[in-house]
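Single-structure report; data block below.
For reference, positions follow the sequence shown, starting with 1. Keep in mind it's a predicted model, so treat the numbers as computed, not measured.
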Amino acid sequence: MGNLSLVLLVIIAANAIISFKGFKDFAFFEKYKFNVGSISRGEQFRMFSSGFLHVDMAHLFFNMFTLYIFADIVVAYLGTLYFLIIYVGSLLLGSLLSFYFHKNEYHYSAVGASGAVTGILYSAILLRPDMSLYLFFIPIPIPAYVFGIGYLLYSIYGMKNQLGNIGHDAHFGGAIGGYVITLILASWLFKEHLLMIVLLAIPIILLFVLKKLGKL
């Protein structure tokens, strides 16, 4: 994993260039970040532009490193065009879910490629549910589908308890984007990985049930 294809290089470069500009130019950062009040007033471009801004180098590095690890799986299975569709679609769905959950919080702001990156991660999990992932604090391999389900459940917990300065809803929206768009583009997965598709759908259904019940 982790081949630096041209499309991946362009995306990483775009994130780096725009983020560095935002680090040095406060007005630029403020103009293009995700902000509920500004989006409500018609600046919908922020739903896209905010996905190329980051708060600091650590934030940028973590997102780009995660993308670097999993992007080539999606490109190898689906091709460059579909990879781009999943990336952009996940970015926008992450922003849309954030807006949906925070639409009455006019000062709510966020930045980062996390939604898009999480979408690519979940696309890779759907395509390769048999792969194992290693976490820094757990020295044993974790099946990809177990990580996927656990991550979404943690995101629901984080949203419910407002844990940290993290856009859990954007991560979740990106994961939904990666999940849904990948299944649309690769319908053969229903024959090969149906059980994993059902298992990964459980936390997504749970999210909207809890929202409907007013628990989130």
With distance as the sole test, does N15 use its side chain to make a donor-acceptor pair with the main-chain N or O of I11 at under 3.5 Å?
yes
Under a 4.5 Å cut-off applied to non-hydrogen side-chain atoms, are Y145 and L126 in contact?
no
Chi angles and distances behind the side-chain contact (heavy atoms from CB on, under 4.5 Å) call for N35, Y106:
CA-CA 7 Å; N35 176 264; Y106 295 108; over 6 Å; no
Which atoms form the tightest heavy-atom contact between G115 and S90, and what is the distance?
O-CB, 3.6 Å
Any side-chain to backbone donor/acceptor pair from Y179 onto Y122? Under 3.5 Å, distance only.
no
Side-chain heavy atoms nearer than 4.5 Å, only ILVMFWY residues, links allowed to pass through others: does that put I17 and V111 together?
no
Yes or no on side-chain contact (heavy atoms from CB on, under 4.5 Å) for L207 and F101, after CA distance, side-chain angles and deciding distance?
CA-CA 11 Å; L207 173 77; F101 275 92; 4.1 Å; yes
In terms of heavy-atom contacts, F52 and S19 come closest through O-OG, 3.0 Å
Would you name the heavy atoms of F34 and S98 that are closest together and state the gap between them?
CZ-CB, 3.8 Å
Locate the shortest heavy-atom distance separating V74 from A124; write the atom from each residue and the value.
CG2-N, 3.9 Å
When hydrophobic residues are tied together by side-chain contacts of less than 4.5 Å, even through go-betweens, does L127 share a cluster with F190?
yes
Minimum heavy-atom separation for A71 to L8, with atom names?
CB-CD1, 3.9 Å
Give me the ring orientation class for H54 and H59: parallel if the planes are under 30° apart, tilted from 30 to 60°, perpendicular past 60°.
perpendicular
Per-pair distances, 0.1 Å, donor-acceptor, side chain in residues 41-50, under 3.5 Å, sequence neighbours excluded:
unit_1: R41; atom_1: NH1; unit_2: G37; atom_2: O; d: 3.4
unit_1: R41; atom_1: NH2; unit_2: S38; atom_2: OG; d: 3.3
unit_1: E43; atom_1: OE1; unit_2: R46; atom_2: NE; d: 2.6
unit_1: E43; atom_1: OE1; unit_2: R46; atom_2: NH2; d: 3.0
unit_1: R46; atom_1: NH1; unit_2: E30; atom_2: O; d: 2.8
unit_1: R46; atom_1: NH1; unit_2: K31; atom_2: O; d: 3.3
unit_1: R46; atom_1: NH1; unit_2: K33; atom_2: O; d: 2.9
unit_1: R46; atom_1: NH2; unit_2: E30; atom_2: O; d: 3.3
unit_1: R46; atom_1: NH2; unit_2: K31; atom_2: O; d: 3.2
unit_1: S49; atom_1: OG; unit_2: Y32; atom_2: O; d: 2.7
unit_1: S49; atom_1: OG; unit_2: F45; atom_2: O; d: 3.2
unit_1: S50; atom_1: OG; unit_2: R46; atom_2: O; d: 2.7

Could you go through the side-chain contact (heavy atoms from CB on, under 4.5 Å) check for N63 and T66 one step at a time?
CA-CA 5 Å; N63 274 337; T66 304; 5.6 Å; no
Start with the C-alpha distance between F23 and F20, add both sets of side-chain angles, then the distance that settles ring pair (Phe, Tyr, Trp, His ring centres under 6.0 Å), and finish with yes or no.
CA-CA 5 Å; F23 294 160; F20 285 136; 5.6 Å; yes
Just wondering, do I202 and L199 contact through their side chains at under 4.5 Å, heavy atoms?
yes
Distance-only criterion, 3.5 Å: show the donor-acceptor pairs between side-chain atoms of residues 180-189 and protein atoms not counting sequence neighbours.
unit_1: T182; atom_1: OG1; unit_2: S123; atom_2: OG; d: 2.8
unit_1: T182; atom_1: OG1; unit_2: G178; atom_2: O; d: 2.5

When you group the ILVMFWY residues by side-chain heavy-atom contacts below 4.5 Å and let the links chain together, are F172 and L213 in the same group?
no
Less than 6.0 angstrom from the centroid, inside 45 degrees of the normal: does K103 satisfy that with respect to the ring of Y100?
yes
On a heavy-atom basis, which atom in I39 and which in F99 lie closest, and how many Å separate them?
CG2-CE1, 3.7 Å
